[in-house]
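To keep things clear, I will list the structure first and then write my remarks on it.
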Amino acid sequence: MAKVCDTSDEWIRERSGIQQRYFVKEGTATSDLAVGAAKKALDDAGLTPADIDYIVVATMTPDYYFPGIGSQVQAKLGMGTVPALDIRQQCSGFVYGLQVSDALIRAGASKRLLFIGAEVHSGFMPFSPKTWDVVMGRSNDEISKEERDWNSKFRHLVVLFGDAAGAVVLGPSENKDTGVLGFALHTDGKNVESLYVPSGGFAYRPYFSEAHAKEGRYVPVMDGKTVFKTAITKMPEAVHEVCAKVGLTLNDVDLIIPHQANQRISEAVQKALKLPDDRIFNNIYKYGNTTAATIPIAYDECKKSGRIQKGNLICFVGLGAGFHWGAALMRE
Ligand code: UT7
């Protein structure tokens, strides 16, 4: 990153906690990552695509403007004509999508559902092919000052995001004390312009234009400070709220799995909730912010490493563009 814009490894580690991130090869799209994650989740569950009767996908980086990637995932997995639904809740995609999935199952619309969070953020990076060659380690050429200045305009953003996907398979709980117990979800639309992509939308005619592209308006606008401050207030509030809603307290929660946007956000949430290190999970150092993919990846890592045990109470919590935020409680 320091080779292509005015930043340093030290700044990135200190201000965000990120040590590495993944970018797909050009030509790999969000639906490809989603399919990979879906196959692994199905294997873990000992199921095949034929066992699934509904697909829910959370992504803010679909392969095409429309349709959402649920259709492509379904076709690539050979899943006949099962319904496929995309939701657009950005960094709170997992908590919102979990509520939608839970409701579909409770309503009897689905018996076994595949829920995926997937993102390819590399498409919105403001990088030229030459910059990409350096970023991907294919070239050591010095880039021009002009190009470096352009990349540096977006340095607060390009260092944070990575490409990834995570998936879970959901079905009816064994009994009423296990599985998804409740949600506390919120939206405050007043902050839309603190985190959004200011082009490629139908507020404009045409919805993509050369002038917008030249100004780099396909790159998200992010007022990092506002997102940061809102996250560290609203995320702890949502945790307390969801516990109260289901008649439990924070003391009952074994592990908090927060959206991975910035290590310092997680630390502030931990401090606000007065939690020891072993009750909150972080893996941002390995992947950066992967938006809707962060929570399912973290959950999978916790399950595989034994950090989550049968009977544990898990709280998922996140905040992102919209602003949408919220928390979910689940008994393992
Ligand atoms: O999941 C939701 C999506 N987004 C987020 O959650 C983002 C939340 N916000 C954040 O993570 C942080 O606000 C950032 C990592 C984006 C920025 O960290 P910060 O500590 O809030 O820094 P800042 O924006 O206050 O900037 C401090 C300085 C500025 O320089 P000056 O004005 O003090 O000279 C920035 O220009 O750091 C500079 N800066 C950088 N320096 C080196 C910003 N980005 C970089 C960079 N490398 N990549």
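Counting from 1, the numbers follow the sequence of the chain as shown. For ligands, and for the atoms within them, numbers begin at 1 and follow the listed sequence. This structure is a prediction, so every number in the text was calculated from the model and none was measured.
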> Among protein heavy atoms, which sits nearest to atom 5 (C) of ligand 1, and what does the distance come to when rounded to 0.1 Å?
Replying inline: V227 CG1, 3.7 Å
> Does a side chain donor of either Y64 or S71 reach within less than 3.5 Å of an acceptor in the other side chain?
Replying inline: no
> Among side-chain atoms of T131 and N151, is any donor-acceptor pair under 3.5 angstrom?
Replying inline: yes
> Among all protein non-hydrogen atoms, which one is nearest to atom 27 (C) of ligand 1, and what is the separation to 0.1 Å?
Replying inline: W11 CZ2, 4.7 Å
>> I need the nearest protein heavy-atom contact for atom 8 (C) of ligand 1: residue, atom name and distance, please.
In response: G224 O, 3.6 Å
> Aromatic rings Y207 and F202: how do their planes relate, parallel, tilted or perpendicular, breaks at 30° and 60°?
Replying inline: parallel
> Which residue and non-hydrogen atom of the protein lie closest to atom 6 (O) of ligand 1, and at what distance in Å?
Replying inline: A261 CB, 3.3 Å
> Identify the closest protein heavy atom to atom 21 (O) of ligand 1: which residue and atom is it, and at what distance?
Replying inline: K225 NZ, 3.5 Å
>> Considering both backbone and side-chain atoms of R15, is one of its nitrogen or oxygen atoms within less than 3.5 Å of a nitrogen or oxygen in ligand 1?
In response: yes
>> Counting non-hydrogen protein atoms only, what is the nearest one to atom 38 (C) of ligand 1? Give residue, atom name and distance.
In response: R155 NH2, 3.4 Å
> Of the protein's non-hydrogen atoms, which lies at the shortest distance from atom 12 (C) of ligand 1, and what is that distance?
Replying inline: N262 ND2, 3.9 Å
> Can a protein heavy atom be found under 4.0 Å away from atom 29 (C) of ligand 1?
Replying inline: no
> Got an N/O contact under 3.5 Å between V159 and ligand 1?
Replying inline: no
> Protein heavy atoms: any of them under 4.0 Å from atom 1 (O) of ligand 1?
Replying inline: yes
>> So for M1, does at least one of its heavy atoms come nearer than 4.0 angstrom to any atom of ligand 1?
In response: no
> Quick one: nearest non-hydrogen protein atom to atom 7 (C) of ligand 1, plus distance?
Replying inline: M222 SD, 3.6 Å
> For Y22, which residues count as a ring-ring contact (aromatic ring centres under 6.0 Å, His included) partner, sequence neighbours excluded?
Replying inline: none
> Does Q90 have a heavy atom less than 4.0 Å from any atom of ligand 1?
Replying inline: no
